Amino acid sequence: MPEDPDPPTTPPVPLPPNRYRDRRCGSLRARDIGSEVRLAGWVAAKRDHGGLLFIDLRDPVGPDAYLPAADGSPDGATGLQRGHHNARIVQLVCHPGSEAFEVLSRLRPESVMSVAGRVVGRPPETVNPKLATGAVEVDVSSVEVLSSADVLPFPVERDSDAGEEARLTYRYLDLRRGPLVERLAKRALLTQVARRHLASRGFLEVQTPVLTASSPEGARDYLVPSRLYPGEFYALPQAPQQFKQLLMVSGIERYFQIAPCFRDEASRADRSPGEFYQIDLEMAFATQDDVFREVELLFSEVVSNLTHKHAPAPYPRLRYADALARYGTDKPDIRFGLEVADVTAKLGGRTELPMFTEAPAKGHAVRALSAPGAAGRPRSWFDAFSESARALGIAGSWLQLPPDGSEKKGPLSRKLTEEEIATLASAAGASPGDAVLTCVGPPPSASVPLGQVRSALGLELGLADPEMLAFCWIVDFPMFEKNPETGGWDFSHNPFSMPQGGLQALLDKDPGDVVAYQYDVVCNGLELSSGAVRNHLPEVMERAFAIAGYSRERVARSFPALWNAFRYGPPPHAGIAPGLDRLFMLLEDQPNLREVIAFPLAQNARDLLMGAPAPVTPEQLAELHLQVVPPKKV
RNA sequence: GGACCUGUGGUGCAGCUCGGAGUGCACGCCGGCCUGUCAAGCCGGAGGUCGCGGGUUCAAAUCCCGUCAGGUCCGCCA
């Protein structure tokens with residue numbers, strides 16, 4: 001036996017021979033020349049020369065696509081060779097006069113067949129380097145058509161665009177095209193890596209109910225009517241939040257679950273309608289730092305197994321208020337600088353310009369952003385900025401610094417002295433050729449319009465390194481926020497978070513000044529997760545809910561399980577729940593969640609493939625004690 | 001709840017601003033030719049409620065109103 005010129009990189013997964021096949025198409029190599037083989041698969045392409053017929057036969061997506069490589073390299077699941085479309089194809093050749101020729105020449109693409117034949121070497125000039133099997137082909141001796149395909153709604157083999165509606169309606173064909181299913185294989189690798197890692201860190205995987213009670217806080221619930229109890233409903237969980245806290249009370253040290261979450265809310269590109277998955281974690285006797293360490297370890301394991309991107313750790317921590325001030329958002333993309341400068345102290349009260357002069361007295365901040373090379377932008381660009389600021393109740397203005405140092409332009413150039421202009425430019429870090437945008441408004445939101453410009457510039461100027469995953473922690477979220485309509489206080493995030501300073505902080509401070517042990521993990525401008533050190537003390541919980549206008553009785557009624565459980569020795573605990581779909585979308589550079597989900601809903605929460613939701617029979621309704629009341633026509 | 005973009009043979013698009021015969025491109029499909037292609041090639045052909053309804057007009061794919069579908073965003077998402 002000659003030395004194998006093309007050894008497999010991983011131990012082959014066995015393929016027990018049966019009546020359909022004894023080899024995978026993509027496994028054939030020069031070493032197989034002379035073998036009699038039986039293959040099965042889809043007709044990927046047909047090239048009929050009349051006197052000679054070529055067929056590309058394609059395997060189903062096999063273990064090569066989703067088993068980790070022996071060397072642990074990311075390419076194991078994603079590289080061009082293993083698992084890739086072109087690694088699953090072999091060329092069949094068929095000569096005229098045979099029965100097989102007659103059958104095959106009539107067969108349409110994506111039909112399914114089983115063929116028998118002999119592996120032959122290709123003439124050197126016809127070797128195809130694009131195929132893993134390109135050195136050989138199979139000379140067909142017999143063929144059995146297993147199913148024949150109709151004319152396709154869109155091409156399966158070709159890398160062409162298909163409309164979103166067609167892709168969703170014929171999802172199985174879209175999946176068969178390759179990239180999607182290869183992504184699913186990689187997603188399976190992600191969950192495998194996460195499970196293995198978390199188990200090794202002492203996390204116990206526990207499944208929690210999908211049929212549970214409606215919770216009064218948060219998003220709209222999906223409800224399930226009860227047959228046994230007329231007029232009563234289960235709800236699908238928006239997250240296993242209360243269950244995981246109950247598991248802490250149950251004495252479990254560390255819990256995790258790849259948890260389905262259901263929220264009846266409007267969708268976005270990065271927010272799927274209906275349902276999504278979280279890597280849900282909770283730890284007993286844990287601090288914020290403990291949670292951060294575990295998440296950084298988990299993400300580091302996931303990132304190194306799935307991509308070549310850099311993810312610097314430990315992740316920088318930004319206070320919520322600072323993130324808002326410096327980046328104008330609570331989910332900053334920190335892959336590039338372009339930070340907003342606070343120039344209140346430098347300009348406020350020191351110029352003749354009332355907008356700036358009066359700011360400190362009103363408690364307003366003056367913020368500035370240098371837009372690189374923007375001095376020559378059209379008036380409309382500056383107007384769009386000041387318009388978006390005005391919409392937020394913020395005064396926006398600007399200054400243009402021509403590259404040649406000639407006369408400055410923009411509203412501020414006429415109202416500030418040369419010295420003040422120099423102060424502003426230097427504080428913002430602007431040079432000739434740049435423009436300085438300014439905003440004046442209440443500190444929490446004063447930078448928001450500048451943050452929007454910063455994001456747009458980052459994209460436009462290509463400032464963000466696409467090979468970088470810049471994770472960061474946003475910490476110290478406010479516990480409460482003012483409800484503009486009622487004037488009362490609402491929980492700004494999770495009502496079960498522990499206020500920093502505990503009960504004393506709730507008693508002493510203005511509710512607007514109380515910060516919680518509440519944190520987000522953000523990456524490249526995308527919010528991946530929220531988490532918190534939980535409030536496990538009934539008296540603190542009672543006080544927090546009182547500030548938000550909940551009576552003790554109402555808390556007890558709304559959250560009976562936690563309320564009661566916390567009377568019997570709850571340990572301090574903390575957790576987080578990174579969004580699995582969104583994390584994977586980020587790792588894969590996908591523009592929306594449909595690209596990382598096998599069977600996604602359309603934007604309006606309709607399932608175009610299965611036809612859900614759909615009416616049910618009157619009998620079904622009657623059994624559930626339900627009556628449909630059509631919406632009133634306007 | 002709101003705003004915007006898109007909808008044209010089976011597929012992807014152009015045509016729409018400035019109304020004038022269903023006009024065009026690429027792919028697919030059907031038929032013919034073809035022994036080394038690999039997204040085969042060449043020749044021929046079929047295939048249309050221009051999403052749907054209404055309006056303006058001598059005349060609407062094109063302009064206006066409504067509606068449906070897909071997408072993006074705002075609100076919403078403790």
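This structure is a prediction, so every number in the text was calculated from the model and none was measured. A, B, ... follow the sequence lines: proteins, then strands. Residue 1 opens every chain.
Within the structure, every pair that satisfies the side-chain hydrogen bond (donor to acceptor under 3.5 Å, both in side chains) test and touches residues 444-457 of chain A, not counting sequence neighbours, is listed here: A:Arg367-A:Ser447. The stretch residues 604-615 of chain A participates, sequence neighbours left out, in no side-chain hydrogen bond (donor to acceptor under 3.5 Å, both in side chains) pair at all. Applying the salt bridge (Lys or Arg N to Asp or Glu O under 4.0 Å) test to pairs two or more places apart or on separate chains, those with a residue in residues 236-246 of chain A are A:Lys244-A:Asp280, A:Lys244-A:Glu282.
Here the side chain of A:Leu131 is nearest to one of B:G70, B:C38, B:G75, namely B:C38. Of the candidate nucleotides B:C77, B:G36, B:G75, B:C77 has the atom lying nearest to any side-chain atom of A:Arg263. Among the nucleotides B:C77, B:C29, B:G71, the one closest to any side-chain atom of A:Arg271 is B:C77. The listed nucleotides are B:U37, B:U72, B:C76; the one nearest the side chain of A:Glu137 is B:U37. Of the candidate nucleotides B:C77, B:G70, B:U37, B:C77 has the atom nearest to the side chain of A:Ala219.
Taking atom P in both B:C4 and B:C65, the straight-line distance is 10 Å, to the nearest Å.
Partners of A:Pro572 by side chain to side chain contact (heavy atoms under 4.5 Å, CB included), not counting sequence neighbours, listed by chain and number: A:Phe285, A:His536. Among residues two or more places apart in sequence or in another chain, the side chain to side chain contact (heavy atoms under 4.5 Å, CB included) test is passed with A:Arg554 by A:Tyr550, A:Ser551, A:Arg557, A:Ser558. Applying the side-chain hydrogen bond (donor to acceptor under 3.5 Å, both in side chains) test to A:Thr133 and every residue at least two apart in sequence or in another chain returns nothing. In terms of the ring-ring contact (aromatic ring centres under 6.0 Å, His included) criterion, A:Phe154 has no residue partners (sequence neighbours excluded). Remark: A:Pro124 engages no residue in a side chain to side chain contact (heavy atoms under 4.5 Å, CB included) (not counting sequence neighbours).
Annotation for A:Val140 and A:Cys94: closest pair CB-SG, 4.5 Å, computed over non-hydrogen atoms.
A heavy-atom distance below 4.0 Å to RNA chain B is reached by these residues of residues 91-108 of chain A, ordered by number: A:Gln91, A:Arg108. Within residues 600-611 of chain A, the residues having any heavy atom under 4.0 Å from RNA chain B are, by residue number, A:Ala602, A:Gln603, A:Asn604, A:Leu608.
In this structure, A:Phe154 does not pack face-to-face on the six-membered ring of B:U11, missing the 5.5 Å centre cutoff or the 30° plane limit.
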Practice task
Classify every nucleotide of nucleotides 39-48 of chain B by which part a protein heavy atom approaches to under 4.0 Å, writing B for the base, S for the sugar-phosphate alone and - for neither, in 5'-to-3' order.
Solution key: BB--------

Can you list, pair by pair, the side-chain donor-acceptor contacts under 3.5 Å of residues 261-272 of chain A, counting residues two or more places apart and other chains?
unit_1, atom_1, unit_2, atom_2, d
A:Arg263, NE, A:Gln238, O, 3.1
A:Arg263, NH2, A:Gln238, O, 3.1
A:Glu265, OE2, A:Arg220, N, 2.8
A:Ser267, OG, A:Gln603, O, 2.9
A:Arg271, NE, A:Ala266, O, 3.3
A:Arg271, NH2, A:Ala266, O, 2.7
A:Ser272, OG, A:Glu275, O, 3.0

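Between A:Ala239 and A:Arg594, the residue anchored nearer the 5' end of RNA chain B, judged by the nucleotide with its closest heavy atom, is A:Arg594.
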